[in-house]
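Reviewing the structure listed below.
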Amino acid sequence: MSRTALVTGATQGLGLALVAGLAARMEPGDTVYLTGRDPERVERAVASVPPGRARVRGELLDVADPDAAEALAARLGGADVVVGNAVMRVGPDDDPRGIVDGYAEVNNFGTTRLLRAFAPRLPDGGRLLVVASSLGTLHHLAPVLHDRFDGRTTLDEVDAAVGAWRDAVADGSARGGDWPGFVNIPSKIGQVAAVRALAASRREADRRRGILLAAVCPGMINTPTSGLWWDVSGAPTPDEAAGPLLDLALGPVDPAMYGELVRHGRVLPWKPGVGS
């Protein structure tokens, strides 16, 4: 029986590497959907993927569009493997107040839209992975803010928490409070919190059906965007970083990883002093 995979934010970097890796590892007759919001970039990216076993098809998907993920999921009937990798990139010179609306819209609300659209359509043995970061744990947030994200049980609750943070950044009040100045930290925590919230409502049923829902951390990657912030000269290439994520997407399920943030095959603790 043929299978399908879908990767968001797949026209460059890690997303493109994941598409190529899925196409190489999946079977003839399977389909990998390479998605992005710009039709010309999607077309070029599809053409750049080396021939693999599975076929690669381009699809338009702008995760910032409130209706786009649900429309695509309905049209495709879901997918066996879904990797949420869409991200709005920012640089050190960007004013957080000026970019936070778009940043949260893509990185966070785009994530929860993807989860709402594709999780209910996962087949037995399906995988739904959200690319996050090791910054997406409460270790990187002031303890007074932990309850903003910890213990959220619905995606609506996570969206509300992210919205409150976004508004505090946009109006400048976050600068005088306990929020970190680096917008990537609360955003990544929000992504992991979304995965955890959805997992809490699906855990037992998904385990019976062999489904894996998890956040994944690829680690530092040698890309031009990362190079704006850090010295990435010795970091893995996108192709190298994709390997552990592909293992999760296509390999056997480890129940301990369900609903967690996973890096290189290990679960990263969600909060200080607690294993998950």
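Counting from 1, the numbers follow the sequence of the chain as shown.
Counting heavy atoms from C-beta outward, R37 and L61 have side chains that stay 4.5 Å or more apart.
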- [ ] Assess whether side-chain contact (heavy atoms from CB on, under 4.5 Å) is satisfied between M88 and I99, documenting all intermediate values.
- [x] CA-CA 9 Å; M88 175 180 166; I99 57 88; 4.0 Å; yes
Open item on the list: Using the rule given for side-chain contact (heavy atoms from CB on, under 4.5 Å), can you reason through L268 versus S134, listing the C-alpha separation, both sets of side-chain angles and the distance that settles it, and then say yes or no?
Closed with: CA-CA 7 Å; L268 299 182; S134 59; 3.9 Å; yes
Open item on the list: Run Y258 and L213 through side-chain contact (heavy atoms from CB on, under 4.5 Å) and show every step you take.
Closed with: CA-CA 6 Å; Y258 185 86; L213 168 63; 3.7 Å; yes
TODO: Let me see the working for R207 and R202 under side-chain contact (heavy atoms from CB on, under 4.5 Å), right down to the final yes or no.
DONE: CA-CA 8 Å; R207 283 183 172 177; R202 297 174 52 96; over 6 Å; no
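Judged by distance alone, with hydrogens and angles left aside, the side-chain atoms of Q191 form a donor-acceptor pair with the main-chain N or O of N107 at under 3.5 Å. Put simply, the side chain of T35 gets close to the backbone of V7: a donor and an acceptor are under 3.5 Å apart. Under the 3.5 Å distance criterion, the side-chain polar atoms of R97 are left unmatched by any main-chain donor or acceptor of V169. A distance-only check finds no donor-acceptor pair linking the side chain of E43 to the backbone of P39 [under 3.5 Å]. Checked by atom type and distance alone, the side chain of T8 pairs as donor or acceptor with a backbone atom of N85 at under 3.5 Å. In this structure, the side chain of D206 does not engage the main chain of R203 through any donor-acceptor pair within 3.5 Å. A donor-acceptor pair is defined here as one N or O able to donate and one able to accept, closer than 3.5 Å; such a pair exists between the side chain of D171 and the backbone of S173. Of the possible donor and acceptor atoms, one in the side chain of H146 sits under 3.5 Å from a partner among the backbone N and O of L141. Within the 3.5 Å criterion, the main-chain N or O of R3 finds no donor-acceptor partner in the side chain of D80. Counting only distance, with no hydrogens or angles, the side chain of S133 and the backbone of G136 share no donor-acceptor pair below 3.5 Å.
Screening L16, D38, V42, V46 for a side-chain contact (heavy atoms from CB on, under 4.5 Å) involving T11 leaves a single residue, V42.
Residue R53 places its CZ atom among more than 12 non-hydrogen atoms of other residues, nucleotides or ligands, all under 6.0 Å distant.
Judged purely by distance below 3.5 Å, without hydrogens or angles, the side chains of S187 and N108 pair a donor atom with an acceptor atom. Side-chain contact annotation: D159 with T112, donor-acceptor N/O pair under 3.5 Å present. For the 3.5 Å distance criterion, the side chains of T31 and R55 qualify, holding a donor opposite an acceptor.
Classification of D156 and R116 as a salt-bridged pair holds, one side-chain N sitting under 4.0 Å from a carboxylate O. With salt bridges taken as basic N to acidic carboxylate O contacts below 4.0 Å, one links D247 and R25. Between E105 and R113 there is a salt bridge, since a side-chain N of the basic residue sits under 4.0 Å from a carboxylate O of the acidic one.
Atom CE of M1 sits about 10.5 Å away from atom CG of D30, to the nearest 0.5 Å.
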Would you be so kind as to tabulate the donor-acceptor pairs closer than 3.5 Å made by side chains of residues 117-132, with sequence neighbours excluded?
| unit_1 | atom_1 | unit_2 | atom_2 | d |
| --- | --- | --- | --- | --- |
| R121 | NH1 | E70 | OE1 | 3.3 |
| R121 | NH1 | E70 | OE2 | 3.4 |
| R121 | NH1 | A117 | O | 2.7 |
| R121 | NH2 | E70 | OE2 | 2.8 |
| D124 | OD1 | R209 | NE | 2.6 |
| D124 | OD1 | R209 | NH2 | 3.2 |
| R127 | NE | L248 | O | 3.2 |
| R127 | NH1 | G125 | O | 2.6 |
| R127 | NH1 | G210 | O | 3.3 |
| R127 | NH2 | G251 | O | 2.5 |

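A search for salt bridge (charged side-chain N to carboxylate O under 4.0 Å, His left out) contacts involving D167 returns nothing, not counting sequence neighbours.
L14 and V87 fall into different hydrophobic clusters, defined by Ile, Leu, Val, Met, Phe, Trp and Tyr side-chain heavy atoms under 4.5 Å apart, directly or through other members.
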